[in-house]
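Worksheet: one structure, shown below.
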Amino acid sequence: MSRNLVVYNSLTRQKEKFSPIQEGFIGMYVCGPTVYNDVHLGNCRTFMSFDVIYRYLLYLGYKVRYVRNITDVGHLLDDGEDRMSKGARLDNLEPMEVAQKYSNGFHHIMSIFNTLPPSIEPRATGHILEQIEMVKEILDNGYAYEKNGSVYFDTLKFAEKTGEYGKLSGRIIEDLISESRDNLKNQDEKNHPSDFAIWMKASDEHIMKWNSPWSVGFPGWHLECSAMSTKYLGKNFDIHGGGNDLKFPHHENEIAQNVGSCGCQPANYWIHTNMLLMNGKKMSKSDGNTISPEELFTGKSVHVSKGYSPMVVRFFMLQSHYRSPNDLTDEALLAAEKGFKRLMDANKNLDGLIGASPLETILDTKISEIIEGAYSDMDDDFNTPRALARLFEIVTIINSLKDGQMSLSDISVTGITKIKDAMRTIIFDILGLKDESENNAGPLDGLMNLIIDLRQQARVNKDWGTSDKIRDSLNEIQIQIKDGKEGTSWSFK
RNA sequence: GGUCGGGUGGCCGAGCGGUUAGGCAGAGGUCUGCAAAACCUUGUACAGCGGUUCAAAUCCGCUUCCGACCUCCA
């Protein structure tokens, strides 16, 4: 915590020095998925971005309560039907079955991408009471009105009295009047087009509904995040995050609900991640420009020429800043795959290195500067691409030491230890990458050692026919033989 | 149409007043029985036009192209 963390705050549109409400503790709320179908890669990018943020805050020594919700009710489609109900109707399942099924899938993918689980993962349906309470408070404060069993947030009145509405998204309420879409359900019940439902009366055929003072119905989308963040992090907490497509209306309305119920700003810092593009276009569930994690891993998609491992994908995403759009292309993934391998190989090469200088050297100093630079990059609004660039400078040094372009006497014992610590802390703890090649242990290793050994004998006997046959045959089954200075190794192609 | 954010070398992608970003590809070299792999070295850039400045990819203006949001989205 001695470092100076700076974060970009969407609320003020500038980088700000980060200081938590309570020294040493951080409350962070991130909008999670609506579990009505499989996660797509765009979702994954957002959660990986916040995973790195979470990991870095932990690294800095903060005790972080990371809350990421699961929305399983209240999210309306264009025709007014609840997403969950629609999923249930199509699959002939209970709504809770749909939610469970896709929550499981979501967790599975998140773990494949090596993201840490949040501290609390609350569900909207588990917090109906809290949401009803919040509707009451908003009504009591005069920022909502009831119409036919539904309750709407009064954006005009709220904007007039508090001047708060539109701050986050840079929206002006007059513009909202003329631009609002008019095809939403119960639009005619609203006093003002920018008003939004915080409680909706359910129709008879609606499956997910609860009793309330106003009607048998369900909470509006936006409300669950306001209620749950308040419940678990308090009325005012440190960080609120989400994809930047949630800025409006979701986050704007969330702020309105929080301010409207308790009179205080929910979060001090708003962090928004940018979109994942594919071939230059926004990746989105609704317009078909999408690739699922499985398709990407297996290569079974028209968008990729082959499969890419989860860590290659994670590395690829870390190579761009979380606030920049990231364009996923086959070519870019191919480049990331090679770069990631180089990074992992260098890390492994470290094991064989021992510094020979008893004293601190010029190289030691240079390395310390690079490492400090990498941490400074993380301090600067979690700049992972820059931190990664610094690591590659170290990669070159490691390889030069290993291959003899640099002498081991140029570096001290502690210099090597420093590199090892920093590489591992940054790559694995902070960036959350994993060395996937370490999963190959078992009988295969022994078998390969035997084959390599036999080939080595043939080579010693200058039996090139046999040695080349072994090499070429293995190559055909996607195993690559690598003859190096200190012996032969192998890997999957 | 409104609001916001962008256009950086063959590709991806940082930087946002003076410094080598980095990765991939390309070129040269090292190693090797040959090859592959690996490693080292290295060229190439800031959409266009003006302006401010000793100095601009970085600030300002205009032009042009692209993207996001504007009540489905992470």
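Below, read A as the first sequence line, B as the second, and so on, with proteins coming before strands; counting in each chain starts at 1. Only heavy atoms go into these numbers, but all of them, side chains included; no hydrogens, no water, no symmetry mates.
- Pair check for B:U42 finds B:G26; Watson-Crick or G-U wobble, both atom distances under 3.5 Å.
- By the 30° and 60° cut-offs, the orientation of the rings of A:Phe153 relative to A:Phe158 is perpendicular.
- B:U3 is paired with B:A68 under the Watson-Crick or G-U wobble criterion, all donor-acceptor distances under 3.5 Å.
- Of the N and O atoms on the side chains of A:Ser368 and A:Glu372, not one donor lies less than 3.5 Å from an acceptor on the other residue.
- In this structure, A:Asn383 reaches the B:G15 phosphate: one of its side-chain N or O atoms is under 4.0 Å from OP1 or OP2.
- Of the candidate nucleotides B:U71, B:G33, B:C69, B:G33 has the atom nearest to the side chain of A:Ser467.
- Between the A:Arg390 side chain and the A:Ile371 main chain, no donor and acceptor come within less than 3.5 Å of each other.
- A salt bridge links A:Asp380 with A:Lys15: the distance from a Lys NZ or Arg NE/NH1/NH2 to an Asp or Glu carboxylate oxygen falls below 4.0 Å.
- Within 4.0 Å (heavy atoms only), A:Ser324 reaches sugar-phosphate atoms of the nucleic acid but no base atom.
- Ring stacking is absent between A:Phe47 and B:A74, as the pair misses the limits of under 5.5 Å between centres and under 30 degrees between planes.
- A cation-pi arrangement is absent between A:Lys338 and A:Phe340 under the rule of less than 6.0 angstrom and at most 45 degrees off the ring axis.
- Not one side-chain nitrogen or oxygen of A:Asn244 sits closer than 4.0 Å to the OP1 or OP2 atom of B:C69.
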Subject >> Per-nucleotide protein contact string for nucleotides 34-42 of chain B, where B marks a base within reach and S marks sugar-phosphate only (heavy atoms under 4.0 Å, - for neither) >> reply: BBBB-SSS-
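- Taking atom CG of residue A:Asn253 and atom P of nucleotide B:C70, one finds them 12 Å apart after rounding to whole Å.
- Rounded to a whole angstrom, the distance from the P atom of B:A68 to that of B:C16 is 26 Å.
- Under the 3.5 Å distance criterion, the side-chain polar atoms of A:Asn69 are left unmatched by any main-chain donor or acceptor of A:Arg123.
- The pair A:Arg459-A:Asp463 does not count as a salt bridge, with every side-chain nitrogen at least 4.0 angstrom from each carboxylate oxygen.
- In terms of position along RNA chain B, the nucleotide closest to A:Asp380 lies nearer the 5' end than the nucleotide closest to the other residue of the pair A:Asp380 and A:Glu393.
- Atom pair A:Arg386:CZ and B:C12:P shows a separation of 21 Å (rounding to whole Å applied).
- At a threshold of 4.0 angstrom between heavy atoms, the contacts of A:Phe392 are confined to the sugar-phosphate backbone, with no base atom among them.
- Residue A:His272 is classed as having no contact, given no heavy-atom separation below 4.0 Å to the nucleic acid.
- Atom CD1 in A:Ile370 sits about 14 Å away from atom P in B:U20, given to the nearest Å.
- Each of A:Tyr8 and A:Asn274 was matched to the nucleotide of RNA chain B holding its nearest heavy atom; the match closer to the 5' end belongs to A:Tyr8.
- Distance A:Leu156 CG to B:U71 P: 16 Å, rounded to the nearest Å.
- Base pairing of B:C62: its partner is B:G48, meeting the Watson-Crick or G-U wobble criterion (both donor-acceptor distances under 3.5 Å).
- Comparing the P positions of B:U32 and B:U20 gives a spacing of 35 Å, expressed to the nearest Å.
- One atom, CE of A:Met278, and another, P of B:C12, lie 15 Å apart when rounded to the nearest Å.
- As rounded to the nearest Å, B:G9 and B:G23 have C1' atoms that lie 14 Å from one another.
- Remark: B:A14 base-pairs with no nucleotide; criterion is Watson-Crick or G-U wobble with both hydrogen-bond distances under 3.5 Å.
- Distance from the side chain of A:Ala389 is smallest for B:A21 among the nucleotides B:A21, B:G13, B:C70.
- Residue contacts shown for A:Gly42 include a base, since a base heavy atom lies under 4.0 Å away.
- A donor-acceptor pair under 3.5 Å is formed between the side chain of A:His107 and the backbone N or O of A:Ser103.
- The nucleotide B:G9 finds no pairing partner, because no Watson-Crick or G-U wobble arrangement with both distances shorter than 3.5 Å includes it.
- With salt bridges taken as basic N to acidic carboxylate O contacts below 4.0 Å, none links A:Asp345 and A:Arg342.
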